[in-house]
2 protein chains.
Amino acid sequence: MTVTLADVAARAQVSPATVSRVLNGNYPVAASTRERVLKAVDELDYVLNGPASALAAATSDLVGILVNDIADPFFGIMASAIQGEIGGPGGRAGGERLGVVCNTGGSPERELTYLTLLQRQRAAAVVLTGGAIENASHKAAMDTKLRKLGDAGTRVVLCGRPPAPETGAVALTFDNRGGGQELTEHLIGLGHRRLGYIAGPQERTTTRHRLEGHRAALAAHGIEEDPRWTVHGRYDRRSGYEATLELLRRDPSLTAVVAANDSVALGACAALRDSGLRIPDDVSVAGFDDLPFSIDVVPALTTVRLPLTEAGARAGRIAMGREEAPPGGIAAVRGELMVRGSAAAPRE
Amino acid sequence: MTVTLADVAARAQVSPATVSRVLNGNYPVAASTRERVLKAVDELDYVLNGPASALAAATSDLVGILVNDIADPFFGIMASAIQGEIGGPGGRAGGERLGVVCNTGGSPERELTYLTLLQRQRAAAVVLTGGAIENASHKAAMDTKLRKLGDAGTRVVLCGRPPAPETGAVALTFDNRGGGQELTEHLIGLGHRRLGYIAGPQERTTTRHRLEGHRAALAAHGIEEDPRWTVHGRYDRRSGYEATLELLRRDPSLTAVVAANDSVALGACAALRDSGLRIPDDVSVAGFDDLPFSIDVVPALTTVRLPLTEAGARAGRIAMGREEAPPGGIAAVRGELMVRGSAAAPRE
DNA sequence: CTGTACATAGAAAGCGCTTGCTGTGACGTT
DNA sequence: AACGTCACAGCAAGCGCTTTCTATGTACAG
């Protein structure tokens, strides 16, 4: 029914071994033989049996990409960049690799489940994106899993995630703390003294780091933070809208709103506008990430640019063994402050 | 080094066959035995070897999801919904399935490559989302591939794609044509007579169908279309911005702009605003898809709601064999006109 | 008390591929 | 002229699992 290696071998009048070697190209095969084999492959329309090959070779050509929320461009962009680096040559077969993105939905269980599934498939590499969940037992379980994956020969890369020492995973970490600090310092430099902050979900490293940066900036300038100025929410637009309304309710004298990310910032803008406030005249707004739409909105968003595409591509290359891991297995990726129209000096 | 089925069997004092049966749960095993096996699995921290199992059983637990652009929420939402339905029970193992999303980037070659890779992995199912590319030779190649996949036992589902008869694939098709027509008719009903249209990329079925619907509406109302009123672009915000500027340049008397999708519509809004035009007072804007942010922008977008989540979930269920395919293997999914603030009667 | 049916476990034959090792001619060397 | 050397090609042993078929023990009926 299905065409196998043996069929191709028979047709090309060679042994299965030879066919395998032609397909994998890691053993000398005479040009004429190779040609004959390729012709047979073509004529028979042969498709390699992945599982069989993975079993025999003890590695597969699967590369897993874990994301928190596939519907969020933040992850979409990274996933896209990572996938872009997968599929080129570099592996045993010099062949295509199947880059697969797995959507955890931010759930710790699913994160672990996917890792097991990937482990089961003997994935060639795994890239984990986005912040981690701060929960001791989950972190321990993850670390164990990552170490096992690594031990089994799967290359593990963390992209935009805090490092996990002891697991052998390479980490490309976003400097969320530094970015957050720089952003808030910019606002303070503009003259703002009463700044609302819309944070992401609790228990996520990204949320905590950005918030810490924000607070460090306040502290550095002797601004005492009012607890009412911080609201937690999700990393989406709607959440930004609601949180802003809440912030305004708590303290209408706020002159700036710093959002956990650009989507949230967009929601914040909408809420401010709906409340009859002008941006940046009445209230300044700042985001984080610099997603593509951020330069496009009105007014353009002051934000911190995270090199999502570059970091993703690099993570992909490292995962493919095409680029060396940074010294120590850890590299911090800095954000860049993008000064645009949504933030200006407060009135008078 | 790695723990195998045999190790578990030895530890549990049973045969490998029994362990396999416990794990797959499709053969009677005495409760006490099962317990012993599971205990051994746990103690040894055993992880099934996917490739080996796929080889022996001639099926794998991989489910492929093909998307055009993973960074676009349109696809992200569908992918998310599809994946949500994967992983539950329903398969031979009652076990987890690995839902993997593959990003084609709209490239015909990559589409085909991914399909081959999935075929190679003996995927359990494949869901293709988004419009197809209108190119005879590519379509033929795709159809051949899809038929082969189907013949090999892979369930193939098209979600938001035109049907591919003869391939045996189940199709859930969005009624882009009907939606486009209804939308434009709404605008005409409001009194608009000069409508610009920002279409998506040429050669995509989605683009063509929406545009056809738009034109059908114009024709139905005896409006002769000016060729200057249509501009083609990509399905993103920036493209909408540029196309709108172009439209305005060509004919400043336009009273409405219909966009290929919501992202494009957002870009259009920005361009209009930057041109000093108010929405909807000076120019009405309409989108398509009703992505989450569309209700949230200012003014809220009049658009056609496509039940992305529902359709994706249904496609996922069909792919998993958890829901029956629609009669004839084809179901049309209708869009729903969402009347909101971005479109109003033209002035005077 | 024997015979038949049933429930459960094991033996063993692959699934389709990779790869270490073993030929086997064709060359080049002394 | 005899003998390494090399470049290829083939043999065959698995990789770790599933599954058919068979064996065994137990229960129940006659």
Side-chain angles (χ1 to χ4, degrees), chain A residues 1-38 40-41 44-61 91-95 119-122 124 152-153, chain B residues 1-38 40-41 44 46-62 91-95 119-122 124 152-153:
Chain A
M1 165 85 211
T2 36
V3 182
T4 72
L5 235 211
D7 298 332
V8 176
R11 171 136 198 157
Q13 318 242 53
V14 295
S15 73
T18 302
V19 178
S20 169
R21 299 203 256 247
V22 168
L23 263 23
N24 290 299
N26 48 12
Y27 192 88
V29 174
S32 66
T33 312
R34 155 174 299 114
E35 217 163 288
R36 207 142 34 87
V37 169
L38 291 178
V41 166
L44 258 29
D45 211 5
Y46 170 69
V47 176
L48 188 72
N49 183 316
S53 143
L55 173 58
T59 63
S60 85
D61 47 10
R92 90 192 135 78
Q119 180 184 11
R120 180 174 294 184
Q121 298 298 331
R122 306 301 190 252
Chain B
M1 166 86 212
T2 37
V3 182
T4 71
L5 233 210
D7 298 332
V8 176
R11 171 133 197 159
Q13 316 242 53
V14 296
S15 72
T18 302
V19 178
S20 168
R21 300 204 257 245
V22 168
L23 264 24
N24 290 300
N26 49 13
Y27 191 89
V29 173
S32 67
T33 312
R34 155 176 297 114
E35 218 163 288
R36 208 141 34 87
V37 170
L38 291 178
V41 166
L44 258 29
Y46 170 69
V47 176
L48 188 73
N49 183 316
S53 142
L55 173 58
T59 62
S60 86
D61 46 10
L62 232 54
R92 89 191 134 80
Q119 181 184 10
R120 179 174 295 183
Q121 297 298 332
R122 307 299 189 252

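Labels below follow one simple rule: chain letters A, B, ... track the order of the sequence lines, proteins then strands, and each chain is numbered from 1.
For the OP1/OP2 pair of dG10(D) and a distance below 4.0 Å, the side-chain nitrogens and oxygens of S15(A) include at least one atom meeting the criterion. For dT18(D), the OP1/OP2 oxygens have a side-chain nitrogen or oxygen of S53(B) closer than 4.0 Å. Between N24(B) and dT18(D) there is a side-chain polar atom (N or O) within less than 4.0 angstrom of OP1 or OP2. In terms of phosphate contacts, T18(B) brings no side-chain nitrogen or oxygen within less than 4.0 Å of OP1 or OP2 of dA9(C).
Of all heavy-atom pairs between A12(B) and V37(B), the closest is CB-CA, 3.9 Å. Taking every heavy atom of both residues into account, T2(A) and D7(A) meet most closely at O-OD2, 3.7 Å.
Nearest to the side-chain atoms of A17(A) among the listed nucleotides dG10(D), dT18(D), dC15(D) stands dG10(D). When distances are taken from the side chain of N49(B) to each of dG16(D), dG10(C), dG16(C), the shortest belongs to dG16(D).
Protein atom CG of N26(B) is 6 Å distant from nucleotide atom P of dT19(D), rounded to whole Å. The separation between L55(A) atom CG and dA13(D) atom P is 17 Å, rounded to whole Å. Spacing between atom CG of L5(A) and atom P of dA12(D) amounts to 17 Å, rounded to whole angstrom units. Atom pair R122(A):CZ and dT18(C):C1' shows a separation of 17 Å (rounding to whole Å applied). Separating the CG atom of D61(A) from the P atom of dT18(C) is a distance of 11 Å, rounded to the nearest angstrom. Atom pair D7(B):CG and dC15(D):P shows a separation of 12 Å (rounding to whole Å applied).
Taking OG1 of T4(B) as the start and CG of L44(B) as the end, the distance is 9.0 Å to the nearest 0.5 Å.
In this view, V47(B) and Q119(A), R120(A), R122(A) satisfy the side-chain contact (heavy atoms from CB on, under 4.5 Å) rule, not counting sequence neighbours.
Among pairs with a residue in residues 14-32 of chain B, none fulfils salt bridge (charged side-chain N to carboxylate O under 4.0 Å, His left out), at least two apart in sequence or across chains.
DNA chain C is contacted by both R21(A) and A6(A); A6(A) maps to the nucleotide lying nearer its 5′ end (nearest heavy atom per residue). Heavy-atom nearest nucleotides on DNA chain D were determined for V47(B) and for P16(A), and the one closer to the 5' end corresponds to P16(A).
Residue-level contact check: S20(B) touches the bases, meaning some heavy atom is under 4.0 Å from a base atom.
Side-chain contact between L23(B) and L5(B) is present, with heavy atoms from C-beta onward closer than 4.5 Å.
In this structure a side-chain-to-backbone donor-acceptor pair under 3.5 Å is present from S60(B) to Q121(B).
A heavy atom lying under 4.0 Å from DNA chain C marks the following residues of residues 27-37 of chain B, by number: Y27(B), P28(B), V29(B), A30(B), T33(B).
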